[in-house]
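Input: a single structure, listed below in C-alpha cells.
In what follows, residues are counted from 1 in the order of the sequence shown.
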Amino acid sequence: MTKQTAASGISALRLRQLQELLALGLSDRFYDWPEWEAARDDILRMDIGECQLCKARGRYRKAALVHHVQHLKDRPDLALSAFDPDTGRRQLVSLCRGCHEEQHPERMRRTAPKPEPLTEERWD
C-alpha cells in the first residue's frame with residue numbers, strides 16, 4: 001500500500017506519475033487509473049447520480065460524468081479528492097454532459113471558417 005499525501009486522496013507516487021502525464025500532455029491516461037474509477041464511483045454515489053448544477057437550478061438530470069472543479073492540470077494534488085482541504089469546497093462534482101460542456105467552453109467544438117477559394121470557379 002502506498003502512503004497517501006495529507007488530505008489529498010492521492011499517494012505521493014501517483015501524484016508524481018500524474019504530474020509526468022500532465023507534462024507529456026497525456027492527462028487522459030489518468031482517467032483509466034483504478035483510483036480514479038473508484039473515486040468517480042464514490043462521487044456519483046455521494047451525489048445520488050444527480051447532476052449537481054441541474055439540481056441547484058431546480059431540475060433533475062442524471063449525472064454522466066465527474067468534474068474536477070479546479071482543473072486537473074492546475075491542481076493535480078486534488079485529482080482524487082472530493083473536497084478541497086484549503087477551502088472545504090467540493091472538488092469533484094457529478095454533472096450531466098450538458099453541464100460538463102458548460103464548465104469547459106474551451107472544449108466546445110468550433111467549425112473553422114471555410115477558406116476563400118484560390119480561384120473563382122467559372123462555368124461558362
Side-chain angles (χ1 to χ4, degrees):
M1 181 170 243
T2 57
K3 183 182 174 196
Q4 301 293 308
T5 56
S8 72
I10 190 167
S11 71
L13 172 63
R14 280 305 220 178
L15 178 57
R16 280 193 308 277
Q17 291 171 339
L18 178 55
Q19 289 167 331
E20 289 171 13
L21 288 175
L22 292 168
L24 295 170
L26 301 173
S27 60
D28 286 348
R29 291 187 182 177
F30 164 76
Y31 297 104
D32 293 329
W33 288 7
E35 296 93 337
W36 168 249
E37 291 177 11
R40 179 187 178 279
D41 290 345
D42 289 345
I43 297 303
L44 287 170
R45 201 171 12 263
M46 183 169 78
D47 292 336
I48 315 168
E50 297 175 342
C51 173
Q52 297 303 292
L53 286 181
C54 285
K55 187 175 182 177
R57 295 172 181 155
R59 60 183 190 213
Y60 171 79
R61 193 170 285 152
K62 183 177 178 181
L65 305 159
V66 172
H67 171 68
H68 286 91
V69 174
Q70 295 184 65
H71 294 286
L72 190 61
K73 64 181 173 141
D74 297 331
R75 290 297 304 270
D77 59 311
L78 297 178
L80 301 172
S81 299
F83 294 89
D84 180 341
D86 299 332
T87 64
R89 293 187 184 142
R90 288 288 297 270
Q91 167 56 21
L92 298 175
V93 181
S94 301
L95 298 179
C96 65
R97 290 195 187 282
C99 287
H100 192 253
E101 290 301 319
E102 191 179 291
Q103 296 301 305
H104 287 286
E106 73 278 5
R107 291 185 183 176
M108 298 287 267
R109 293 182 185 208
R110 295 185 187 103
T111 337
K114 291 184 178 182
E116 292 292 321
L118 296 175
T119 60
E120 187 175 332
E121 193 170 310
R122 300 182 72 174
W123 294 91
D124 297 336

Could you list the residues that satisfy side-chain hydrogen bond (donor to acceptor under 3.5 Å, both in side chains) with Arg61, not counting sequence neighbours? none
Can you tell me how far the CG atom of Asp77 sits from the CG atom of Asp86, to the nearest 0.5 Å? 8.0 Å
Shortest non-hydrogen contact between Cys99 and Cys54, atoms and distance: SG-SG, 3.7 Å
Of all heavy-atom pairs between Phe30 and Leu21, which one has the smallest distance, and what is that distance? N-CD1, 4.1 Å
Please name the pair of heavy atoms, one in Leu78 and one in Pro85, separated by the smallest distance, quoted to 0.1 Å. CD2-CD, 3.5 Å
Yes or no on side-chain contact (heavy atoms from CB on, under 4.5 Å) for Gln103 and Leu65, after CA distance, side-chain angles and deciding distance? CA-CA 12 Å; Gln103 296 301 305; Leu65 305 159; over 6 Å; no
Just checking Arg97: does its CZ atom have more than 12 heavy atoms from other residues, nucleotides or ligands closer to it than 6.0 angstrom? no
Across all chains, not counting sequence neighbours, the salt bridge (charged side-chain N to carboxylate O under 4.0 Å, His left out) partners of Glu35 are Arg14
Can you label the angle between the Trp36 ring and the His68 ring as parallel, tilted or perpendicular, going by 30° and 60°? parallel
Please tabulate, one pair per line, all N/O donor-acceptor pairs under 3.5 Å involving side-chain atoms of residues 88-95, not counting sequence neighbours.
residue, atom, partner, partner atom, Å
Arg90, NE, Leu92, O, 3.0
Arg90, NH1, Asp47, OD1, 3.0
Arg90, NH2, Asp47, OD1, 3.2
Arg90, NH2, Asp47, OD2, 2.9
Arg90, NH2, Leu92, O, 2.7
Gln91, OE1, Gln70, N, 3.1
Gln91, NE2, Gln70, O, 3.0
Ser94, OG, Ile43, O, 3.4
Ser94, OG, Asp47, OD2, 2.8

One should read off an interatomic distance between Leu18 CG and Lys73 NZ, to the nearest 0.5 angstrom, of 13.5 Å
For a quick test of reading the model, state the closest non-hydrogen atom pair linking Tyr60 to Gly49 and the distance between them. OH-O, 4.3 Å
With a cut-off of 6.0 Å (strictly less than), are more than 12 heavy atoms of other residues, nucleotides or ligands near CZ of Arg57? yes
